[in-house]
Student: 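Dropping the structure in here first, questions after.
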Amino acid sequence: MDKPLIAIYQLKNVQNPRIPGYFVLSTAPINVEGDKLASRRQNNLAQQQQNLQQLADLIYQKVITEIHKPADFIELVISIHGFSNSRPKSIKRFAEIHEYVNSDNSRQFVEKANKLIYVGYRWSSESLTDGNLKDLFGKIYTAVTALPSLAKTIFWVGFVGIIFLYLPQLRELAFASQWGIILSLVILLLMLGFFAIITLFLMRLSGYFRDRYRADNFGVPDLVEFIRQLDKLLMSKAKENYLDEVSLIPKVTKLLMSQVKEYLYAVENLAIADSLLEIISNKVIKDYCLESTVKNTTVESLLLTNNFNLSRSELETIINLANKILIQETNSELANLRDGAREILENKAKRFWRENNRIKLSFIGHSMGGEVVTNVVRILSDIFDLRSVGNLGTGDKLPSADIGKVFRLGRLVLVAPDIPINTIISGRANFLASSLRRFEETYLFSNEADIALRLASTVANYFSFPARTRTSGYRLGNLGIRNSLPYGIVNLEQVSQENNSKFSFNNLFIDSFNIRKSLENFQVKYFSNLGSGGENIAELFTFFDCTNYRDYTLKSNHKNQQILSFKKWFWEPKLVYYLRLIIANGLEKCDTHSGFFAGEFSRQAIYRLAFLGFGSFLDSLSVKPINELINEVNLAEIDTKLKDCEKKCLALQKKGSLAVQTELIYWQKELAKLEAQLTKIKQEKQEFRQAALTELNQVSCQKKIQIILGQERYQVDVLGLEWEQVRRKMLTSN
């Protein structure tokens, strides 16, 4: 039996959740030969297809429920774990996120809960021990037995050479003669080979490169397939509503029925009632129009709603015959009617999703999961869309946020991303830039003291990443804001200025051993040949530097503490400081890489930004209750009424007759009232958001977090400007 690429389960850690949660698992094995895990053997294709269908049904029902509410999106938020995460550890993280979003009682979450669905996606990451020494010994044994023959020979010969080195007789012979010197050099070379193999062995045992391969070649394609399958099912759900409206379907049914009847009588010598043939032919045609394939109609699907006086074999014969005739191109009339019906239905479904808002996709990518997200978006994007082509340079690209036929990209939250730093420095096209252009909102949570990225990731990528400098090898999750700047929103005054200058890398650094050297210095020195024109992809980010972040944690027993690092003693060298962090990480006293998910405020910021967006996140922080008059729903309703009123005025003006003058004056007055009301609401909302922004600044100061607020976020979420206009200006201005 075929095995599914993904397995889908409902998260049941919360009873009666207001925000449903799902756990999506890539079934790719840890090793290409396969794993002997019960969880991977139990995945049944039919069951997983049913689970996927249930998720699609849930999403579609939410769309139908909210269909008459203007400017509302149903949102699917997907979180992706990072490097070296076992299945139990991943499920625990996903369950924590699910519990948090269902227990957050802020007004913004409560009001939006019916529009949200959470999915935790696990790719086949490999944990070193899984909390079990037996697993560790098993991995060591596998690593040894998997050594290639040459490497194994070098290893054992080198091992023997080291033993000989400790023999007293050999040490006396080492420099006693010419042959002794030669023998010593041979043993030295064997030792070097031995330690080279040991290094490779340890790199394999760490699982980093193996995880990166699985993330790129299994995790990314499987998540792409999950989204594509959802897109396909949701399109089919929309098509089902219009099946009876397509007038060509009855015509195709009659034509197909007559051909099936003729063939059955002439070849099979079967005489079937026209009523039965019409039911079967109609079912075959509708199934074909829904998914453009003839493999969907089954005996079971027909027997669910009909009683046939036919044997099962006869039904199968008729279905197969109808399918065969339907896809043949010999009958031009049948082929034209078939393709016309399918195209009409496809266009109706596309218009449905275009008019009723696409489903918004948002992502939380942690560590290596950040790279998974960006590669998934790059694959799903329409690279031939003229808006994403631009010219041979790197700028002038305004790609759409639409993905597939149903989805639209919303927010991207990267937490300690294991992504090269040059993806925001370099002017060349890269996987991060091509993804960021398509998201409406992007956020980066970083920790300059992240040991996992600063040491493990940079050392591992030293072998493979094409860089000639140490700085280029650092990761985006280690990005830091200059220590001389205060805590809080460091650019609060600058971002509020109308003629704000373009984003500068001067206040960002990555090399903790030379904090005086900013990314701007590095860009000028190594990337000046790429030109200064075009877009600056870093402008799309809002940065949260959480290096010195202090807060209460899940395990702190109400103790306010530094979560992601230690306080550095004034006399302490950097190397000693990092050694302390390594020991603390090993003893689980400090988690520099995943501690973002433990602090009260950092969790709140990550989850509210991902599920609600920056504007609603600000609203949730305000100490002053938001005025119902400036609620988002009211704004959308007034905006809709305003557009309708404008259409009526234009229509009446075109008539130009005296009979409509009175009606035109009435609608012009209504239009003026709505415009005045909308202006007042926007002004009040802007004042409210300004106050909330001040509150965010104060809270981040208390928590010792530095924030660089994106110009786009300020203009859209605080000033209330149109997102598309702001994005176009940012990406096309030099």
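Starting from 1, each residue takes its place in the sequence as its number.
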Student: Show the numbers, then the answer: is there a salt bridge (Lys or Arg N to Asp or Glu O under 4.0 Å) between Lys286 and Glu240?
Tutor: CA-CA 9 Å; Lys286 286 184 175 180; Glu240 287 176 7; over 6 Å; no

Student: Side-chain contact, heavy-atom cut-off 4.5 Å: Ser362 with Glu75?
Tutor: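 A side-chain contact exists here, since the closest heavy-atom pair is under 4.5 Å.
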
Student: When rounded to the nearest 0.5 angstrom, what distance separates CZ in Phe94 from CG in Leu25?
Tutor: 9.5 Å

Student: Has Arg408 got a side-chain atom pairing as donor or acceptor with Ile403's backbone, closer than 3.5 angstrom?
Tutor: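 No, because the side chain of Arg408 does not come within donor-acceptor range (under 3.5 Å) of the backbone of Ile403.
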
Student: Less than 4.5 Å apart, side chain to side chain, heavy atoms only: is that true for Phe226 and Leu52?
Tutor: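 Result yes, sub-4.5 Å side-chain heavy-atom pair found.
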
Student: To the nearest 0.5 angstrom, please state how far the CG atom of Leu540 sits from the CZ atom of Arg713.
Tutor: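 The CG atom of Leu540 sits 9.5 Å away from the CZ atom of Arg713.
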
Student: Any side-chain to backbone donor/acceptor pair from Lys360 onto Ile74? Under 3.5 Å, distance only.
Tutor: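 No; judged by distance alone, with no hydrogens or angles, the pair does not exist.
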
Student: Are the side chain of Arg18 and the backbone N or O of Leu116 linked by a donor-acceptor pair below 3.5 Å?
Tutor: no

Student: Can you tell me if Arg214 uses its side chain to pair, donor with acceptor, with the backbone of Ser124 under 3.5 Å?
Tutor: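 Judged by distance alone, yes, a pair lies under 3.5 Å.
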
Student: Go through the steps for Ile6 and Gln48 under the test side-chain contact (heavy atoms from CB on, under 4.5 Å), then give the verdict.
Tutor: CA-CA 8 Å; Ile6 55 174; Gln48 297 309 323; over 6 Å; no

Student: Closer than 3.5 angstrom, by distance alone: can the side chain of Arg358 be matched with the main-chain N or O of Gly404 as a donor-acceptor pair?
Tutor: yes

Student: Report yes if the side chains of Lys729 and Val726 come closer than 4.5 Å at any heavy-atom pair, otherwise no.
Tutor: no

Student: Checking Arg122 side chain against Val24 main chain: does a donor-acceptor pair fall under 3.5 Å?
Tutor: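 Between the backbone of Val24 and the side chain of Arg122 there is no qualifying donor-acceptor contact (under 3.5 Å).
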
Student: Examine the side chains of Ser90 and Tyr121 and answer whether a donor and an acceptor come within less than 3.5 Å of each other.
Tutor: no

Student: Has the side chain of Ser79 got a donor or acceptor atom that lies under 3.5 Å from a matching backbone atom of Ile364?
Tutor: no

Student: Between the side chain of His81 and the main-chain N/O of Arg87, is any donor-acceptor distance below 3.5 Å?
Tutor: no

Student: Quick one: does Asp231's side chain have a donor or acceptor within less than 3.5 Å of a partner on Lys405's backbone?
Tutor: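 It does hold such a pair.
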
Student: Looking at Ser332, is its backbone amide N or carbonyl O close enough to the side chain of Asn336 to form a donor-acceptor pair, meaning the two atoms are under 3.5 Å apart?
Tutor: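 Checked: pair present.
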
Student: Inspect the contact between Glu225 and Arg228 and indicate whether a charged nitrogen and a carboxylate oxygen are less than 4.0 angstrom apart.
Tutor: yes

Student: So, Arg411 and Tyr443: side-chain donor and acceptor under 3.5 Å apart, yes or no?
Tutor: no

Student: Under a 4.0 Å threshold between the charged nitrogen and the carboxylate oxygen, would Arg727 count as salt-bridged to Glu722?
Tutor: no

Student: What distance separates Ser616 OG from Glu111 CD, expressed to the nearest 0.5 Å?
Tutor: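 Output value for this atom pair is 9.0 Å.
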
